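Because the structure is a prediction, the values reported are computed rather than measured.
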Amino acid sequence: MTRQAYFYIVPDEKDVNRFKYETVKTADTCHEFKSTAVNKPFYVTNWTSEEPLIRLPLDDFLENQKAKYFLVIKNDSILYQYTDKKIRSYNPVPSFSISKSFVSACLGIALKEGHIKSINDLVKDYLPELNYHENFNTLTINHLLNQKSGLKMRVPNVADAYYGKVENVLPTLVFHAKPGEFFEYMNINYTLLGLIIERTTKQDLHTYFSNHIWSKIGTCDSSIWGYDYKTHHTRAIGAFAGSAQDYAKFGILYMNGGKWNGEQLIDSSWVKASTAPVNSLGEDVGYNNSWFIGEEELGDYMALGMYRQQIYINPKHKVVIVSLMKFNKENLDLRWWEILRQITMQSNKI
């Protein structure tokens with residue numbers, strides 16, 4: 001296990017300053033959101049079962065929950081924007097597992113371009129080193145994508161994927177179930193997806209992502225992605241950092257079916273399939289191709305990172321909300337779907 005893992009076994013917001021990274025190219029032309037004057041403040045209620053039913057201004061709620069940035073966008077206009085008062089200058093903000101949705105988007109593009117034939121292909125067809133366990137004979141890309149690989153969570157694997165040599169993961173994987181047997185959220189699944197994308201496209205993941213998405217959606221602010229310079233791989237497990245407004249643009253891209261300013265960047269069928277209530281394994285488990293899926297009648301979904309980094313998308317109301325939080329254990333148990341839906345509904349009355 002890499003030495004850094006002993007000191008930094010749990011990722012945090014300081015990792016962007018501790019480890020090596022590559023710059024992710026932004027757009028040549030920055031897209032500026034319009035600002036809309038808001039006559040009524042936003043409020044939240046009933047955000048936890050442990051609090052009485054009270055009404056709190058959104059500013060106060062976010063300050064209490066140690067938010068760094070919070071952004072509400074509707075119809076390409078900023079209705080609400082919060083920045084922690086302690087922040088004096090911009091630094092890219094880690095998104096943690098939000099980057100899994102970036103990996104998923106890249107996979108959809110690689111499929112469309114013919115680099116990958118099907119999500120039902122065997123993983124070992126693209127990573128032939130995976131030949132030392134019988135379960136590799138049935139493990140598909142779809143199993144990785146929808147967190148049903150059957151792989152066991154092992155600290156050495158995660159440590160190599162996040163801090164060490166990414167390729168060290170390949171000969172040391174262990175199964176504790178057959179692929180497809182049950183859902184278990186595993187970071188290492190997306191490390192393998194990242195390797196598949198890099199090998200088939202012959203590009204680093206961050207370069208492929210920038211060329212096909214990030215540089216084409218009007219991104220403005222400096223963005224970075226953790227990089228393993230020893231085995232030359234982007235850290236698909238996470239380690240991406242950017243700005244709230246640029247994260248929102250990725251959300252808007254999905255809300256618009258993969259299209260930005262008339263250009264189809266991600267195939268619309270991939271976006272539709274990835275955000276449907278039932279995933280490509282035919283299951284309704286609230287998770288589909290890296291996206292967390294809300295209520296079917298509401299049609300909402302989100303990309304989610306470990307400290308409640310969120311890109312919430314509500315296509316019916318044309319709302320995208322980005323929250324970037326500091327570590328705060330209380331945040332993990334809050335009723336975030338309800339909070340974000342409350343804000344969405346209030347945006348219709350402002």
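- Considering V169, V158, V166 in turn, V158 is the only one that fulfils the side-chain contact (heavy atoms from CB on, under 4.5 Å) rule with I237.
- Aromatic ring pairs are classed by plane angle as parallel below 30°, tilted from 30° to 60° and perpendicular above 60°; the pair F136 and H133 is perpendicular.
- In summary, the side chains of K216 and N211 do not present any donor paired with an acceptor at a separation below 3.5 Å, with no hydrogens or angles considered.
- Using a cut-off of 4.0 Å between Lys/Arg side-chain N and Asp/Glu carboxylate O, E283 and K148 are scored as salt-bridged.
- Looking only at distances, no side-chain donor or acceptor of S104 sits under 3.5 Å from a matching main-chain atom of K100.
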Practice task
Take E129 and R199 through the test salt bridge (charged side-chain N to carboxylate O under 4.0 Å, His left out) and record every step on the way to the result.
Solution key: CA-CA 13 Å; E129 302 96 317; R199 290 195 183 180; 2.6 Å; yes

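- Listed for the K316 side chain is a donor-acceptor partner under 3.5 Å among the backbone atoms of E297.
- Looking at every heavy atom in both residues, D284 comes nearest to P277 through OD1-O, 3.4 Å.
- Of the possible donor and acceptor atoms, one in the side chain of D246 sits under 3.5 Å from a partner among the backbone N and O of D221.
- The existence of a salt bridge linking D84 and K66 is excluded, since no basic side-chain nitrogen approaches an acidic carboxylate oxygen closer than 4.0 Å.
- In plain terms, the two heavy atoms of R235 and D160 that are nearest each other are NH1-O, 3.4 Å.
- The backbone N or O of T231 lies less than 3.5 Å from a partner atom in the side chain of H233, making a donor-acceptor pair.
- Listed for the N256 side chain is no donor-acceptor partner under 3.5 Å among the backbone atoms of G258.
- Residues Y82 and Y69 fail the side-chain proximity criterion, which asks for heavy atoms closer than 4.5 Å.
- Side chain to side chain, S215 and D28 fail the donor-acceptor criterion of an N or O pair below 3.5 Å.
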Exercise for the section: Kindly indicate, with the supporting measurements, whether the criterion ring-ring contact (aromatic ring centres under 6.0 Å, His included) is fulfilled by W260 and H31. Expected result: CA-CA 11 Å; W260 185 272; H31 175 76; 5.4 Å; yes

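- The pair D300-R341 meets the salt-bridge criterion, since a charged nitrogen lies less than 4.0 angstrom from a carboxylate oxygen.
- The aromatic ring centroids of H176 and F182 lie less than 6.0 Å from each other.
- Counting heavy atoms from C-beta outward, Y312 and W336 have side chains that stay 4.5 Å or more apart.
- Looking only at atom types and distance, the side chain of N289 has a donor-acceptor partner in the side chain of N146 under 3.5 Å away.
- Surrounding CD of E296 are at most 12 heavy atoms belonging to other residues, nucleotides or ligands under 6.0 Å away.
- Y227 and Y229 have their aromatic ring centers within a separation under 6.0 angstrom.
- Taking both residues in full, the closest heavy atoms of N288 and A276 are given as ND2-O, 3.0 Å, listed atom of the first, atom of the second, then distance.
- Under the 3.5 Å distance criterion, with hydrogens and angles disregarded, no donor-acceptor pair is assigned to the side chains of W214 and T26.
- Judged by distance alone, with hydrogens and angles left aside, the side-chain atoms of T207 form no donor-acceptor pair with the main-chain N or O of Q203 at under 3.5 Å.
- Centroid-to-centroid, the aromatic rings of Y301 and F292 stay 6.0 Å apart or farther.
- When only modelled atom types and interatomic distance are considered, E167 and H232 share no side-chain donor-acceptor pair under 3.5 Å.
- At least one side-chain heavy atom of I266 sits under 4.5 Å from a side-chain heavy atom of I213.
- The residue from Y190, Y307, Y162 that alone fulfils the ring-ring contact (aromatic ring centres under 6.0 Å, His included) condition with F96 is Y307.
- Between K124 and D121 no salt bridge is recorded (no basic side-chain N to carboxylate O distance below 4.0 Å).
- Sparse packing is recorded around NZ of K178, with 12 or fewer heavy atoms of other residues, nucleotides or ligands lying under 6.0 Å away.
- A side-chain N or O of S323 and one of Q310 form a donor-acceptor pair less than 3.5 Å apart.
- Here the side chains of L107 and I141 are in contact, with some heavy-atom distance below 4.5 Å.
- Other residues, nucleotides and ligands place no more than 12 heavy atoms under 6.0 Å from the CD atom of E134.
- A donor-acceptor distance shorter than 3.5 angstrom exists from the side chain of T200 to the backbone of I197, with no hydrogens or angles considered.
- Looking at H317 and N314, their side chains come closer than 4.5 Å, going by heavy atoms from C-beta outward.
- Residue N168 comes nearest to T172 through the heavy atom pair O-OG1, 3.1 Å, listed as atom of the first residue, atom of the second, then distance.
- Taking the six-membered ring where the residue is Trp, Y254 and F250 present tilted rings, their angle falling between 30° and 60°.
- A donor-acceptor pair under 3.5 Å is absent between the side-chain atoms of S210 and the main chain of H206, judged by distance alone.
- Taking all atoms of both residues into account, the shortest heavy-atom contact from S347 to V319 is OG-CG2, 3.4 Å.
- Checked by atom type and distance alone, the side chain of H143 never pairs as donor or acceptor with a backbone atom of L139 at under 3.5 Å.
- Considering all non-hydrogen atoms of both residues, N120 and T140 come closest at O-CG2, 3.6 Å.
- Cluster membership for M153 and V123, using ILVMFWY side-chain heavy atoms within less than 4.5 angstrom, is shared.
- Not one N or O on the side chain of T234 forms a donor-acceptor pair closer than 3.5 Å with the backbone of A236.
- Residues Q81 and Q245 have side chains that bring a donor and an acceptor to within less than 3.5 angstrom of each other.
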Exercise for the section: Could you go through the ring-ring contact (aromatic ring centres under 6.0 Å, His included) check for Y287 and F183 one step at a time? Expected result: CA-CA 9 Å; Y287 188 87; F183 176 93; 5.5 Å; yes

